[in-house]
Amino acid sequence: MNKGLIVAGGIGVFLLIILMNGCSTYNSMVEKNEDVTGKWQQVETQYQRRMDLIPNIVKTVEAYANFEKSTLVEVTNARATATSIKIDPSKLDAQSIANFEKAQGAVTGALSKLLVTFERYPDLKANQNFMALMTELEGTENRIAESRRDFNLSAQGYNTYIKKFPTNLWAGIFNFDARSYFESADGADKAPEVKFDMK
């Protein structure tokens, strides 16, 4: 009889340890997953900051009648497309991140064309409001690069955690899937250099 109680007690302790491990692992996975979601929201916030700057830049540039209208239209259209893409942070997959990056890349390309053409307009280069906007844009591009890096580091930490044994067993039971990384084109990991010749 005592032997049966010892065995039952041992099994109970073993099950209790497994249950406690499962609870602890589940909570850690939730925290790491939420951190990835939070980092993605920071990526979106920084891109939105850039989107918010664009109308002011376009408005300032439009005051210069000779400025290339097609460039302004391209910037405005790229912005409209990029702001129409909404991603549910809990459903980040490689395809949705790629679509987001493609739209943001179009904005970056259009802004680059605008910055190249602006060099031909000395009056625009002398406009203090425009230069202040360009300085803000430069800072925003740096924040975008930093937030993307933070997102990838968070996703890497989460993915590594859920792939380790025995966490991978709990991740499978509780349906915690790996998160996709923010992968961009070669050279896109560096913020565009936004510098202006003030001469």
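Just so we're clear, the structure is a prediction, and the values are computed from it rather than from any experiment. Excluded from the calculations below are hydrogen atoms, water molecules and symmetry mates; all remaining heavy atoms, backbone and side chain alike, are included.
The heavy-atom pair separating I144 from S147 by the smallest distance is O-OG, 3.0 Å. In terms of heavy atoms, D93 sits closest to S180 at C-OG, 3.2 Å. Nearest heavy atoms, I57 versus M134: CD1-CE, 3.4 Å. Between R143 and Q46, the closest heavy-atom pair is CB-OE1, 3.3 Å. Nearest approach of V36 to Y158, heavy atoms of both residues: CG2-CB, 3.7 Å. The shortest heavy-atom contact between I162 and D177 is CD1-C, 3.6 Å.
Through side-chain heavy atoms spaced under 4.5 Å, either directly or across other Ile, Leu, Val, Met, Phe, Trp or Tyr residues, M20 is tied to L16. The hydrophobic cluster around F165 extends to L169, counting ILVMFWY residues whose side-chain heavy atoms fall within less than 4.5 Å of a member.
Just one of T83, T76, L111, L114 meets the side chain to side chain contact (heavy atoms under 4.5 Å, CB included) condition when paired with I54; it is L111.
For N56, there are no side-chain hydrogen bond (donor to acceptor under 3.5 Å, both in side chains) partners, not counting sequence neighbours. In this view, N175 satisfies the side-chain hydrogen bond (donor to acceptor under 3.5 Å, both in side chains) rule with no residue, not counting sequence neighbours. A search for side-chain hydrogen bond (donor to acceptor under 3.5 Å, both in side chains) contacts involving N127 returns Y64, not counting sequence neighbours. Residues forming a ring pair (Phe, Tyr, Trp, His ring centres under 6.0 Å) with F151 (at least two apart in sequence, or on another chain): W40.
Residue V30 is grouped with residue Y161 when hydrophobic side chains (ILVMFWY) are merged at heavy-atom distances under 4.5 angstrom, including chains of intermediate members. Criterion: ILVMFWY side-chain heavy atoms under 4.5 Å apart, direct or through other members. Under it, L15 and V7 are part of a common hydrophobic cluster. No chain of hydrophobic side-chain contacts below 4.5 Å, direct or via other Ile, Leu, Val, Met, Phe, Trp or Tyr residues, connects M29 to L153.
Contact check for I173 versus Y26: no side-chain heavy atoms found under the 4.5 Å cut-off. No side-chain heavy atom of F182 sits under 4.5 Å from any side-chain heavy atom of D150.
Looking at T160, its side chain never comes within 3.5 Å of a backbone N or O of G157 through a donor-acceptor pair. Although no hydrogens or angles enter the test, the distance criterion places a donor-acceptor pair under 3.5 Å between the side chain of R79 and the main chain of M51. Side chain of S28 to backbone of S24: a donor-acceptor contact under 3.5 angstrom is found. Using a distance-only test at 3.5 Å, with no hydrogens or angles considered, a donor-acceptor pair links the side chain of T37 to the main chain of N33. Checked by atom type and distance alone, the side chain of N159 pairs as donor or acceptor with a backbone atom of A155 at under 3.5 Å.
Below 30°, between 30° and 60°, or above 60°: for F174 and F176 the angle between ring planes is above 60°, a perpendicular geometry.
Here the CZ-CG distance, from R179 to N152, works out to 12.0 Å after rounding to the nearest 0.5 Å. In this structure, N142 CG and L137 CG are separated by 9.5 Å, a value rounded to the nearest 0.5 Å. Atom CG of L133 is separated from atom CG of L53 by 6.5 Å, given to the nearest 0.5 angstrom. How far NZ of K164 is from OG1 of T25: 12.0 Å, rounded to the nearest 0.5 Å. Between L19 atom CG and C23 atom SG the span is 4.5 Å, to the nearest 0.5 Å. Considering CE of M131 and CG of N129, their distance stands at 11.0 Å, rounded to 0.5 Å.
Annotation for Y181: atom OH counts as buried by contact number, over 12 foreign heavy atoms lying within 6.0 Å.
Side-chain atoms of D52 and Q48 form a donor-acceptor pair, as typed in the model, at a separation below 3.5 Å. For N27 and E31, the side-chain atoms include no donor-acceptor pair closer than 3.5 Å. A donor and an acceptor atom, one from each side chain of R50 and Q104, are located under 3.5 Å apart.
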Self-check item: Worked check of side chain to side chain contact (heavy atoms under 4.5 Å, CB included) between Y47 and T140
Solution: CA-CA 8 Å; Y47 275 113; T140 298; over 6 Å; no
Where do E101 and R148 land on the side chain to side chain contact (heavy atoms under 4.5 Å, CB included) test, with the steps shown first? CA-CA 11 Å; E101 173 59 12; R148 289 189 317 205; 4.0 Å; yes
